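Reviewing the structure listed below.
All of these numbers come straight from a predicted model, not from anything done at the bench. Ligands are counted one by one from 1 in listed order, and the atoms in each one are counted from 1 as well.
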Amino acid sequence: MSVIDVERFREALVDERRRVEAAIENIHTDHPGSIRDETGEDAVYDIHLAATATETYDRELDYTLEENSEHVLAEIDAALKRIEEGTYGVCTNCAQPIPEERLEALPWATLCIDCQRERERR
Ligand SMILES: [Zn+2]
């Protein structure tokens, strides 16, 4: 039914999951304040940028990286579950297909861009 190459995104998600897990490990063995200078930093930082809108970015920096990483991990797991269920790539709010380029930027996106913007406005 879907025209999206789900396998490609599954691979991206599994890949990303591994990176986030490594990043969480890093946090546990390192001081959160110095993580940006470490090798695992890129993973956390990239995800953070992709997952949050610019206006919420500064505020979200106050949250611990661990919290963010574990949140992303849960999002990835949920996305993998949606792949299993065949609902991947469909907006959970309006049931419209999520554009592939959005999924490329954020493979675990649950909302289309319109719904995401709508939610952030509140
Ligand atoms: Zn939507």
Side-chain angles (χ1 to χ4, degrees):
M1 209 173 88
S2 175
V3 288
I4 291 171
D5 183 2
V6 171
E7 275 313 309
R8 189 160 67 93
F9 289 110
R10 190 208 296 269
E11 268 173 43
L13 284 161
V14 169
D15 228 58
E16 205 60 51
R17 201 182 188 287
R18 227 174 280 132
R19 284 176 62 192
V20 175
E21 269 182 334
I24 289 173
E25 205 121 308
N26 237 332
I27 291 161
H28 284 171
T29 56
D30 204 357
H31 190 273
S34 64
I35 196 148
R36 287 186 61 173
D37 299 317
E38 302 295 328
T39 353
E41 166 264 323
D42 280 344
V44 177
Y45 196 62
D46 287 352
I47 289 160
H48 202 97
L49 276 181
T52 54
T54 331
E55 63 260 37
T56 62
Y57 181 60
D58 287 336
R59 183 168 52 81
E60 295 244 346
L61 271 181
D62 294 337
Y63 292 29
T64 67
L65 282 171
E66 183 176 359
E67 203 173 302
N68 270 317
S69 301
E70 272 163 14
H71 176 71
V72 169
L73 210 60
E75 298 275 308
I76 290 171
D77 281 343
L80 287 168
K81 190 158 173 264
R82 289 198 298 279
I83 289 176
E84 297 301 325
E85 290 168 348
T87 58
Y88 181 76
V90 177
C91 177
T92 55
N93 188 56
C94 69
Q96 294 298 307
I98 299 171
E100 206 160 332
E101 55 266 31
R102 172 159 168 78
L103 291 172
E104 266 164 29
L106 192 68
W108 54 87
T110 57
L111 297 170
C112 68
I113 290 160
D114 286 345
C115 292
Q116 181 69 42
R117 284 199 185 129
E118 192 62 37
R119 184 158 295 192
E120 278 166 9
R121 214 172 285 146
R122 275 174 218 147

Check this for me: R8, atom CZ, are more than 12 non-hydrogen atoms of other residues, nucleotides or ligands nearer than 6.0 Å?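 More than 12 heavy atoms, drawn from other residues, nucleotides or ligands, come within 6.0 Å of this atom.
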E84: side chain to side chain donor-acceptor pair (under 3.5 Å) partners, not counting sequence neighbours: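 E84 satisfies side chain to side chain donor-acceptor pair (under 3.5 Å) with R10 only.
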Applying side chain to side chain donor-acceptor pair (under 3.5 Å), can you list everything that pairs with R119, at least two apart in sequence or on another chain?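 Expected list: none.
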Atom CD1 in I76, atom NE2 in H71: separation rounded to 0.5 Å?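 Those atoms lie 10.5 Å apart.
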Run through the protein N/O/S atoms less than 2.8 Å from the Zn ion (ligand 1) and write them out by chain and number.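 The answer is C91 SG, C94 SG, C112 SG, C115 SG.
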Check R82 with E85, please: is the shortest side-chain N to carboxylate O separation under 4.0 Å?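 So E85 does not pair with R82 through a salt bridge.
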Output all residues satisfying side-chain contact (heavy atoms from CB on, under 4.5 Å) with E11, sequence neighbours left out; order by chain, then residue number.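 So E11 forms no side-chain contact (heavy atoms from CB on, under 4.5 Å) with any residue.
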